[in-house]
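The structure displayed is predicted, hence computed values, not measured ones. So you know, we letter chains A, B, ... as the sequences are listed, proteins then strands, and number each from 1.
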Amino acid sequence: MLRRGWTWLQNKITTKARNFVLKVLAAGPIPRHVGFVMDGNRRYARVHHKAVWQGHSDGFVALRRILEVCLRLDVKCVSAFAFSIENFKRSEDEVNALMKIAEEKLIELSSHGDLLEEYGVRLNIVGRKELLPEAVQKAVAKAEEMTRHNDRAILNLCMPYTSRDEIVTAVESCVRNAEDMPDEIRISEDDIDAQLMTTLGGSPPLDVLVRTSGVKRLSDFLLWQGCENTQLQFSDSYWPDFGLLDFIPIILDYQRKVWTRTIS
Amino acid sequence: MDILFSLILNVLHFIYSAVLKLRSFRQRHSQLTPQHLLAERRRIPKHLALLFVAETGQDVERAKHALSESVLNAVEWCRAIGVQKLTVYEEKDLLSQCIADIQQGLPKLNTEEESPTAQQIYHPLTPPPSDYSDSRPLSPNNGHYSIPFTAIHISGYARHEEFQDHSPLKLRQHFDRDVAPKLNDLLLCLVSRESSKPAVAATAQAIAQTQRNRSLRTSRSQKGTQFALSVEELDKLLEDEDGLSSPDFMIVHHLRSPRQLSTPLELYGFPPWHVRLTELYHSQPHVHRTRTSVSPQEPHSLDETTFREALDEFATAEMRFGK
């Protein structure tokens, strides 16, 4: 009983402190769109002697945590790389476990009274949805429908996704649209940008891209969106360990950049 | 209340700046020496990219000098360690203005040597930078589009002393002269932002034009099938082993004084298609080991210590690629 009371008090103090820090950070410029490559779930599981699926499950908890931080900061859009098309190469057991987590958590996240409803977040699943198992496709459709009317922020859950696939789809759409051009065909980079899955979902330009677990590659995530005017941040923490303390310097760096550019 | 939060935020930034300065000071004066350039590393990039960032407010002539010096030095280092291809990117197209200097600084064709050095340039950046250029990018309206780039093939053995005598740019001592390095062949590829998103758009336009021409030729019964494109098909159009292709490793280097605080890593419009699996390295130059720049605006070339540190980091990077 005493221990439970102590835990409750600790949580209360931590939440208050977190909200205070976030209010301080929100007094400066805040990125409109932040992308996360949620890397390191499996290594986290290995280090903590957990099963791989537990690592992924803890990764989802970290997503909720950081999503709430972003929403409290009034970040308008969060994109998270949940599953690459390349990840289908992983073992059948791991892919099945990931799909099961996706199916459960998508509904949980979008359900009544949960995070997305509380902060008015629209959920967009970005990627080749047709490659997902039927049950997950149904969960995706249901989750997207449940949050369709939310308009205060956007969560792009990229699965199964690769940026090259997204660029190809955008080029394909531009070429199809060009068939109806009456005169000379003109396709600009803005036309391609407008056909990207993230843009079609209403996402603003990507200001910050974070990759965890010390790997310094983009690994086919938001290549077009992130190759210009995007601050790339590589954190050594494994994704399930990534939290506010890792995120504060990223926001401070962004604010320094905005203020420096404003002065120059 | 908002004023209070702003005040606290300013204090937080003040502390953060102090921490960054301290960290930068420690890094600059770090005694950790990277491995020798020719040391055996677990992995060497086959294709290295250098992304140079010229700072706003820098003297353009000095920035060009630092850029040319960096490229020439990097060519030497890459040839010494066996990098097969070096792609150099600068967003504002300063490279096209440096081609003459780079040309002059590269090893000269020497007929007396057993393995002569040869250079060729293809697809100049627009406008064509020099008389060496022998072809131009095709118009996208021809149904084909070639991504603009300048390529220079460098092969054979360079005579280092002669190289230095002919160069208008003073090259620093790179490695032990007693160890005569065997220099490998290298393809040097210079690109600007024109080869980035605009090149993808121009490729899309060329595809659309081809589609239109095809549909004009085909019968009505064959029409109606929707255009489809695969990643592999677009990759064939955008990837060119002899031109712009995906590097294994990229060093992002600011031509600013190392005394200035570092800014977060950005890619400054580097071709997005080609950076999918590229390992990224943000250089932190060492002021005490290099030519010191008094003015913060003085452009600073890529130094060998930074290059070696980058190689060391690439050698230890973990590669899993989604598996």
Side-chain angles (χ1 to χ4, degrees), chain A residues 23-28 84-87 89-90 162-165 167-172 174-176 178-179 181 184-193 208 214-220 223-234 248-250 252-257 259-260 264, chain B residues 1-2 5-9 12-13 16-17 20 56-57 91 140-141 193 196-198 200-205 207-209 211-212 215 226-231 233-235 261 263-273 275-282 313 317-323:
Chain A
K23 276 185 180 161
V24 170
L25 289 174
S84 165
I85 294 173
E86 297 290 313
N87 288 156
K89 291 177 187 168
R90 290 183 178 178
T162 63
S163 186
R164 279 193 170 187
D165 179 69
I167 295 170
V168 165
T169 309
V171 167
E172 199 176 65
C174 287
V175 172
R176 284 177 190 169
E179 286 171 16
M181 284 183 191
E184 198 182 351
I185 293 172
R186 288 266 165 229
I187 296 175
S188 68
E189 56 181 281
D190 289 341
D191 295 325
I192 294 181
D193 203 279
V208 179
V215 177
K216 293 175 181 168
R217 285 188 297 275
L218 300 184
S219 296
D220 224 338
L223 302 177
W224 183 281
Q225 299 88 333
C227 78
E228 209 162 19
N229 298 322
T230 302
Q231 173 183 322
L232 305 179
Q233 296 278 359
F234 298 103
I248 289 171
I250 292 170
L252 292 179
D253 277 343
Y254 176 78
Q255 293 179 337
R256 284 166 58 86
K257 178 181 128 177
W259 283 331
T260 310
S264 64
Chain B
M1 202 63 176
D2 286 352
F5 286 134
S6 293
L7 201 70
I8 299 170
L9 184 64
L12 191 61
H13 270 283
Y16 187 56
S17 285
L20 288 180
T56 316
E91 184 186 15
N141 290 332
R193 197 186 174 281
S196 183
K197 288 178 181 175
V200 180
T203 303
Q205 190 171 303
I207 297 170
Q209 190 62 52
Q211 280 299 112
R212 178 176 284 185
S215 69
Q226 226 178 13
F227 170 75
L229 186 69
S230 69
V231 171
E233 283 165 336
L234 189 58
D235 193 49
L261 280 181
T263 47
L265 175 65
E266 287 189 31
L267 292 181
Y268 301 91
F270 190 89
W273 188 265
V275 79
R276 184 174 74 109
L277 297 174
T278 304
E279 185 76 23
L280 303 169
Y281 182 84
H282 197 195
E313 185 168 303
E318 193 182 345
M319 309 276 179
R320 289 175 295 115
F321 305 132
K323 288 172 198 163

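- Shown here are the side chain to side chain contact (heavy atoms under 4.5 Å, CB included) partners of A:E179, two or more places apart in sequence or in another chain: B:F227.
- The shortest distance between side-chain heavy atoms of B:V200 and A:I167 falls below 4.5 Å.
- Chosen from B:R193, B:Q211, B:E313, the residue pairing most often with chain A at heavy-atom distances under 4.5 Å is B:R193.
- Residue B:S6 touches chain A through both its backbone and its side chain, counting heavy-atom pairs closer than 4.5 Å.
- Scanning all heavy atoms of the two residues, the minimum distance from B:L277 to A:R217 falls at O-CD, 3.2 Å.
- Between the CG atom in A:L25 and the NE2 atom in B:H13 there is a gap of 7.5 Å [rounded to 0.5 Å].
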Subject >> side chain to side chain contact (heavy atoms under 4.5 Å, CB included) between A:V171 and B:L234, worked out >> reply: CA-CA 9 Å; A:V171 167; B:L234 189 58; 4.1 Å; yes
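- Your options are B:P271, B:A228, B:P272, and the one with the most heavy-atom pairs under 4.5 Å with chain A is B:P272.
- Both the backbone and the side chain of B:I8 have a heavy atom closer than 4.5 Å to some heavy atom of chain A.
- A heavy-atom distance below 4.5 Å is not found between the side chains of A:L232 and B:H282.
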Subject >> Test side chain to side chain contact (heavy atoms under 4.5 Å, CB included) applied to B:L267 and A:T230, step by step >> reply: CA-CA 8 Å; B:L267 292 181; A:T230 302; over 6 Å; no
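- Residues B:S17 and A:R256 come closest through the heavy atom pair OG-NH1, 2.9 Å.
- Partners of B:P264 under the side chain to side chain contact (heavy atoms under 4.5 Å, CB included) rule, at least two apart in sequence or in another chain, are A:Q231, A:Q233, A:D253.
- Proximity to chain A (any heavy atom under 4.5 Å) is shown, for B:E266, by both the backbone and the side chain.
- Comparing A:R164, A:K23, A:K257, A:E172 by how many heavy-atom pairs each has under 4.5 Å with chain B, the most go to A:R164.
- Using a 3.5 Å distance cut-off with no hydrogens or angles, the side chains of B:R276 and A:T162 do not pair a donor with an acceptor.
- The shortest distance between side-chain heavy atoms of B:L9 and A:L252 falls below 4.5 Å.
- The candidate with the highest count of non-hydrogen atom pairs below 4.5 Å against chain B, out of A:Q255, A:E228, A:M181, is A:E228.
- Between A:K216 and B:E279 there is no salt bridge, since none of the side-chain N atoms of the basic residue sits less than 4.0 Å from a carboxylate O of the acidic one.
- Contacts between A:S163 and chain B at a heavy-atom distance below 4.5 Å are absent for every atom of the residue.
- Looking only at distances, a side-chain donor or acceptor of B:Q205 sits under 3.5 Å from a matching main-chain atom of A:I187.
- Using a 4.5 Å cut-off between heavy atoms, B:E233 does not touch chain A at all.
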Original post:
How far apart are the C-alpha atoms of B:S196 and A:E189, what are their side-chain angles, what is the distance that settles it, and do they pass the side chain to side chain contact (heavy atoms under 4.5 Å, CB included) test?
Top reply: CA-CA 9 Å; B:S196 183; A:E189 56 181 281; over 6 Å; no
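- Both the backbone and the side chain of A:L218 have a heavy atom closer than 4.5 Å to some heavy atom of chain B.
- Proximity to chain B (any heavy atom under 4.5 Å) is shown, for A:D191, by neither the backbone nor the side chain.
- Note that CG of B:L280 is 5.0 Å distant from CZ of A:F234, once rounded to the nearest 0.5 Å.
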